Q: 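Below are the structure tokens for one structure; questions will follow.
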Number of protein chains: 2
Amino acid sequence: MEAFATRGYNNASLAEISERVGLTQAGVLHYFPSKADLLTGVLDLRDASDLEELGEDRPRGTAFLRHLVDTVRRNTAREGIVRLYAVLSAESVTEGHPAQAFFRSRYEGLRAMLTEALDEARDLGEVPGGLDSATVAASVIAVMDGLQVQWLLAPDTVDMAAAAEQAISRLVGVDLAPRDAV
Amino acid sequence: MEAFATRGYNNASLAEISERVGLTQAGVLHYFPSKADLLTGVLDLRDASDLEELGEDRPRGTAFLRHLVDTVRRNTAREGIVRLYAVLSAESVTEGHPAQAFFRSRYEGLRAMLTEALDEARDLGEVPGGLDSATVAASVIAVMDGLQVQWLLAPDTVDMAAAAEQAISRLVGVDLAPRDAV
DNA sequence: GTCTATATTTGGATAGAC
DNA sequence: GTCTATCCAAATATAGAC
């Protein structure tokens with residue numbers, strides 16, 4: 001994970017990875033027949049957004065959006081995993097990249113989940129109606145991704161968590177700021 | 001440009017590039033002493049967003065935002081350049097990447113330009129006040145970037161232009177849809 | 001200005017011993 | 001399950017002729 005996050009897929013080497021895990025190159029390739037297999041193995045390991053692991057009993061409606069915002073805030077302290085997904089998702093659009101299928105279906109899944117949550121929120125009357133859930137879903141995911149890159153390049157200038165909270169709030173039309181307990 | 005866009009920096013090879021331009025490898029390295037120099041040369045050539053080239057007589061206030069939206073729409077027909085910047089901007093956050101300085105300053109410049117335009121729009125009364133221009137600026141750039149990746153992976157599913165127009169409109173609090181001439 | 005030739009390093013992967 | 005040894009291909013870069 002660290003190697004792919006720090007150097008990207010192409011520039012990370014089995015030599016470095018092997019050394020880090022205390023094996024020889026052949027030792028690593030005993031478990032993962034190829035470098036591409038190793039990458040997909042790493043990607044399948046877990047999901048940066050903490051979303052896939054929620055399963056079917058995920059929060060509904062705006063509660064789900066709030067969970068999103070919380071995840072962004074938490075990610076501020078997990079630069080490594082942010083870097084991993086930021087680098088690899090973009091790298092995956094290159095020709096023949098081994099993570100292409102992974103990210104294609106990941107985005108598809110994220111959009112579907114978010115679209116559903118937005119529909120729930122509308123049905124619950126939590127957010128104003130009249131907007132296309134699927135389009136908003138894509139935009140919400142997009143801001144989070146885009147802010148990650150800017151934050152990685154300038155962590156002291158870009159307040160990723162604050163910007164994400166504000167942006168998502170405005171995109172869906174509801175204030176998602178965590179209310180203080182009185 | 002095409003090589004870096006299609007394969008990313010690390011995976012693009014001087015061999016392929018040389019062949020494409022009809023030179024030998026040594027021939028290419030005669031003009032650009034190293035691969036890294038070639039990359040920065042390509043990046044300096046022009047800017048995907050068409051923004052830097054606007055100079056000081058750029059449109060003011062919401063007119064500038066409209067220009068942004070138009071650019072996104074135009075980019076729908078320029079997959080190559082979209083891919084170039086999407087791939088390289090993310091790749092640039094990896095350790096020692098030769099385009100890191102370029103993208104750091106590019107984002108800084110874009111945020112500054114957009115922040116200024118948002119302040120103008122507020123002073124002109126074109127958009128509601130009370131929002132932090134710098135934060136909104138970062139988010140606007142972020143949606144555009146994020147939508148590009150999703151669009152590249154699923155061009156038939158993601159309507160980049162429509163989503164960007166809607167998202168930016170909501171982020172700044174004004175309808176940016178191009179009005180039809182009557 | 002462009003080439004050939006080559007140095008040098010590094011990459012991923014395989015065979016087979018232990 | 002892990003290693004040594006090795007293969008082979010490909011990479012960037014340099015030297016120097018033309």
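Quantities reported herein were computed from a predicted structural model and do not represent experimental measurements. Throughout, protein chains are lettered first and strands after them, A, B, ... in sequence-line order, and every chain is numbered starting at 1.
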Q: Among residues at least two apart in sequence or on other chains, which ones pass ring-ring contact (aromatic ring centres under 6.0 Å, His included) with A:F4?
A: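 Checked A:F4 against ring-ring contact (aromatic ring centres under 6.0 Å, His included); matches are A:Y9.
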Q: Calculate the interatomic distance between A:K35 atom NZ and C:dT10 atom C1'; express it in whole Å.
A: 11 Å
Q: Quick one: B:D37 CG to D:dT12 C1', roughly how many Å, whole number?
A: 13 Å
Q: Could you list by number each residue of residues 20-27 of chain A showing a heavy-atom separation from DNA chain D of less than 4.0 Å, or answer none if no residue does?
A: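 Within this stretch, A:L23, A:T24, A:A26 sit under 4.0 Å of the strand.
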Q: Sort and list the pairs that fulfil salt bridge (Lys or Arg N to Asp or Glu O under 4.0 Å) and have at least one residue in residues 85-96 of chain B, not counting sequence neighbours.
A: A:R7-B:E95
Q: In chain order, what residues pass the side chain to side chain donor-acceptor pair (under 3.5 Å) check against A:D70, with sequence neighbours excluded?
A: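 Here no residue qualifies.
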Q: Strictly below 4.0 Å, heavy-atom distances to any atom of DNA chain D: list the hits from residues 7-18 of chain A, or just say none.
A: none
Q: Expressed in angstrom and rounded to an integer, what is the separation of A:L29 atom CG from D:dT4 atom P?
A: 14 Å
Q: Test of understanding: with side-chain contact (heavy atoms from CB on, under 4.5 Å), list the residues that count as partners of B:A177, not counting sequence neighbours.
A: B:E165, B:D175
Q: Report the residues that fulfil side chain to side chain donor-acceptor pair (under 3.5 Å) with B:E2, sequence neighbours left out, ordered by chain and then residue number.
A: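 For B:E2, the residues satisfying side chain to side chain donor-acceptor pair (under 3.5 Å) (neighbours in sequence not counted) are B:R20.
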Q: List the atom pairs, donor and acceptor, that lie under 3.5 Å between side-chain atoms in residues 150-157 of chain A and the rest of the protein, sequence neighbours left out.
A:
{"from": "A:Q150", "atom 1": "OE1", "to": "B:R111", "atom 2": "NH1", "distance (Å)": "2.9"}
{"from": "A:Q150", "atom 1": "NE2", "to": "B:A138", "atom 2": "O", "distance (Å)": "3.1"}

Q: What pair of heavy atoms forms the shortest contact from A:V172 to A:L131, and how long is it?
A: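 Taking A:V172 first and A:L131 second, the nearest heavy atoms are O-CD2, 4.2 Å.
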Q: Considering residues at least two apart in sequence or located in another chain, which fulfil the side chain to side chain donor-acceptor pair (under 3.5 Å) criterion with A:D119?
A: A:R122, A:S133
